[in-house]
Q: 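Sharing a structure here in C-alpha cells format.
Every number for a ligand or one of its atoms is a count from 1 in the order of the listing. Since we're looking at a predicted model, the values are computed, not measured.
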Amino acid sequence: MSLDTPTPVRPELVEGLPCSSVEEKNRASTGSARTVKTDWTREEIAVLFDRPFLDLVFEAAAVHRAHHPRNSVQLSTLLSIKTGGCVEDCGYCSQSAHHETGLKATKLMDVRAVLQAAAQAKDNGSSRFCMGAAWRSPKERDMPAIVAMVKGVREMGLETCMTLGMLSESQAAQLAEAGLDYYNHNIDTSPENYANVITTRTFQERIDTLEHVRSAGINVCSGGIVGMGETRADRIGFLHALATMAHPDSVPINALVPVKGTVLGDMLADTPMAKIDEIEFVRTVAVARILMPLSMVRLSAGRESMSDSTQALCFLAGANSIFTGDKLLTTGNAGDDKDAALFAKLGIAAMRAEIAQAVAAE
Ligand code: SAM
Ligand code: DTB
Ligand code: SF4
C-alpha cells in the first residue's frame, strides 16, 4: 500500500453522507472488503515514528479520511461491573490486590443495576456500553449473569462490549451466542516490555484469548498503554504486534493514569516520565492509524489530563473513538460537559451507531 496515496475506499462514509449499514455489511460479505497490510516490519514502523511530526500527522489524517467519516467520533460508556480485588499484578492497575490503592473491592453487580446504568448511558447519547470486571478470567458460575447483561443491554439497542480478562474458547462461544459485539483484551505493551509490567500472565496468554474471541466471531478490541516509562522501541514493538495480527476492529491507546499505590504510579511519580510527552503520544496515535487503516483507534484513558489541543491533534491523526462520562473504570475521565464543549469547539459529531457498525463490518 502506498502511504502517500491512500485509496478512497468508502466515499459515502468519507463524505459523511448517510449510508445504510445493511449495504455496508453486504459489501463486506460480497468479498469487496479491503485487505490490509499485516506484514509490517519494525524498521518500517520506526521510519514512520521518525518522520517530521507534521508530515506524520498529515499522512495519518489522509489515511483516516480515506477510510472513515471525518469529524465523527464514536462514543462508548464504561461501567465497572466488578471492581477491585484482582489476583493479577498488572503494574499500572488500581484494581490489583497486589497494590494498596485504597479501592474498595466489590462483588459482581446484579443484572438489574447494570441495565439501569446502560439505560442512563443511552439517554446520554452513548452508542456502546462497555462492561469491565477486575478478573483474571470469568468463573463458570458468573457466566449466566454475564450472558443476561449482554442480552439485556443489546435489547436496549446499544452495542455491547465486555472486558473480563482471559476467556476460554467455550466462554467466548457463550458470549458470542449471547450476542456480544466487542471483547476488549489488551496486549498492553511490546512483547519485550511485557514482563516488566505484568508477571502473573503471559503475553502469549493474551494472544490466545484474542484468538478465542476472534474465532467465536466477536469483534476484537485490543490495544495498550503508553507512558509506562517504556522506550520508543517498545511503542514500536507494541504497535508492531497489533499490526501484524488480524487487525483488531478497535485499538484503544491509553495514556497511563498514574495511580498512587500501584507499582508504576509510584515508580514514575515526580520523575520526568510521570507523563508521556504529548507529541510522542500523538505520534503513537498517528502511527497506529497508518498501520491499521480500517480499525477504530480509541483515545482511551488519560484524556482527563490532556489539553484540548492534544486531543484535537489525536482526532486529526486518526483517533475516532472515546470513552465518555466522569469515570472510566475506577479513575476519572474528562466528563460529558467537557466533552460536549470540546466537540462543539472542534465541530465534531458523535458517530451514529450504524456507521460504527459499518466500519466494524469491514
Ligand atoms: N481485568 C480485565 C483485563 O485486564 O483484561 C479487564 C479490565 S482492565 C482495567 C482493561 C485495561 O485497562 C488494561 O488492559 C489496561 O490496558 C487499561 N488500564 C488499566 N489501568 C490503567 C491505568 N491506570 N492507566 C491506563 N490504562 C489502564
Ligand atoms: C481500555 O483499553 N481502556 C479502558 C477499557 N479498555 C476497559 C479502561 C481504562 C481504565 C483506566 C483505569 C481505571 O479507570 O481503572
Ligand atoms: Fe486485574 Fe485487569 Fe487490573 Fe490486570 S488490568 S490487575 S487483570 S483488573
Q: Can you confirm whether more than 12 heavy atoms, excluding those of Asp270, are under 6.0 Å from its CG atom?
A: no
Q: Counting both backbone and side chain atoms, is some N or O of Gly224 under 3.5 Å from an N or O of ligand 1?
A: no
Q: Looking at ligand 3, would Arg201 count as a contact under a 4.0 Å heavy-atom criterion?
A: yes
Q: Side chain, backbone, both or neither: which part of Thr163 has a heavy atom under 4.0 Å from ligand 2?
A: side chain
Q: Can you find an N or O of Leu329 that's nearer than 3.5 Å to an N or O of ligand 2?
A: yes
Q: Below 4.0 angstrom from a heavy atom of Asn186, which ligand 1 atoms are there? Numbered from 1 as shown, please.
A: 11 (C), 13 (C), 14 (O), 15 (C), 16 (O)
Q: Report yes if some N/O of Val259 lies less than 3.5 Å from some N/O of ligand 1; otherwise report no.
A: no
Q: Ser94 pairs by side chain to side chain donor-acceptor pair (under 3.5 Å) with which of Thr83, Thr330, Thr101?
A: Thr330
Q: Would you say atom 3 (Fe) of ligand 3 has Cys86 as a near neighbour, meaning an N/O/S atom of that residue under 2.8 Å away?
A: no
Q: Going by heavy atoms, is Val257 under 4.0 Å from ligand 2?
A: no
Q: Can you figure out which of Asp188, Ile187, Thr262 has its heavy atom closest to atom 14 (O) of ligand 1?
A: Asp188
Q: Regarding Arg128 and the six-membered ring of Tyr182, is the cationic atom NZ or CZ under 6.0 Å from the ring centre and inside 45° of its axis?
A: yes
Q: Number the atoms of ligand 1 from 1 as they appear, then name those within less than 4.0 Å of a heavy atom of Ala255, with their elements.
A: 25 (C)
Q: So how far is it from Asp234 CG to Leu239 CG, rounded to the nearest 0.5 Å?
A: 11.0 Å
